[in-house]
Amino acid sequence: MKKVTKLMLVAGISLALVGVGNSGALNNVTSAASAPLKVGRVEAAAHGIKCFTVAVAVVQNGVIVAASLDDYQFLGSDVATGVPNSDKDFGKNYKDPNMVLASKKTNAKYYSEHMTEEAKSTVAYDKNLAAIEKFATGKTIKSLEATLTNKSKEQVVDAVSGATLVDTQGYLKAILSAAKAAK
């Protein structure tokens, strides 16, 4: 009896979906929403020469609809969590066994404290990146490129509400490169 009830339930749901599909209710999606999403990913030197940045941008119709940033740097294994396999064969190739390749986002608490001590930073590292990601999201590739072309490094920092990183421009350039690489 349970099998018959389940079968009837599945059949009912299937018929309901087929009915909705044929009703045209799902055919009124705007062309912008139905345009394909394209994803671009680049590695960049957005912040100096002691780390590298991975930037990802999701683009739809020339508009950046999502962005993600992270920096990777060798940090002390006593204060930072390394990338996966740092404690396995991958980590055996580190020049200094007391250092691990680490995501600054994963280690945001430690890295933010370090930046407070070293550079008097008042905004946590992950909050800075979130503000930069938010700034890029919703912009067209052309408008982000114009911002980066027409504003000085300092003006770009001022334009991004909530971000205080000196290298804000470098992070936005990395997002722009990822957006242009989107396929």
Same apolar cluster: [X] and [Y], side chain cutoff 4.5 Å:
X	Y	value
Val63	Val58	yes
Leu37	Val59	no
Tyr125	Val156	yes
Phe90	Val100	yes
Val160	Ile64	yes

How long is the span from the [atom1] atom in [X] to the [atom2] atom in [Y], to the nearest 0.5 Å?
X	Y	atom1	atom2	answer
Glu145	Asn150	CD	CG	10.0 Å
Leu75	Leu101	CG	CG	8.5 Å
Lys139	Lys134	NZ	NZ	11.0 Å
Asn85	Lys92	CG	NZ	11.0 Å
Leu144	Ile175	CG	CD1	7.5 Å
Ile132	Ser161	CD1	OG	11.5 Å

Which heavy atom of [X] sits nearest a heavy atom of [Y], and at what distance?
X	Y	result
Ser86	Val83	OG-O, 2.7 Å
Ser77	Pro97	OG-O, 4.2 Å
Ala44	Ala174	CB-CB, 3.9 Å
Thr53	Leu69	CG2-CD2, 4.0 Å
Ala181	Val42	CB-CG1, 4.2 Å
Asn128	Ala163	OD1-CA, 3.1 Å

Which pairs with one or both residues in residues 96-105 pass side-chain hydrogen bond (donor to acceptor under 3.5 Å, both in side chains), sequence neighbours excluded?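 Sorted pair list: Asp70-Ser103, Gln73-Lys104, Ser103-Thr106, Lys104-Tyr111, Lys105-Glu133.
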If you measure from the Lys or Arg side-chain nitrogens to the Asp or Glu carboxylate oxygens, is any gap between Lys120 and Glu118 under 4.0 Å?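 Not counted as a salt bridge, because no side-chain N and carboxylate O are separated by less than 4.0 Å.
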Taking only residues at least two apart or on different chains, which pairs with a member in residues 37-71 satisfy ring-ring contact (aromatic ring centres under 6.0 Å, His included)?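 Those involving residues 37-71 are Phe52-Tyr72.
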Residue pairs passing the ring-ring contact (aromatic ring centres under 6.0 Å, His included) test where at least one lies in residues 151-174, sequence neighbours excluded: none
Who pairs with Lys153 by side-chain contact (heavy atoms from CB on, under 4.5 Å), at least two apart in sequence or on another chain? Val166, Asp167, Gln169
side-chain contact (heavy atoms from CB on, under 4.5 Å) involving Gln155 - partner list, sequence neighbours excluded: Lys151, Ser152
Between Leu148 and Leu176, is there a side-chain heavy-atom distance shorter than 4.5 Å? yes
For the residue pair Val123 and Leu165, establish whether any side-chain heavy-atom pair is separated by less than 4.5 Å.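 Not in contact.
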I'd like to know if the side chain of Thr116 and the backbone of Ser121 have a donor-acceptor N/O pair within less than 3.5 Å.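 Present.
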Pairing residues for Phe74 by the ring pair (Phe, Tyr, Trp, His ring centres under 6.0 Å) criterion, not counting sequence neighbours: Tyr94
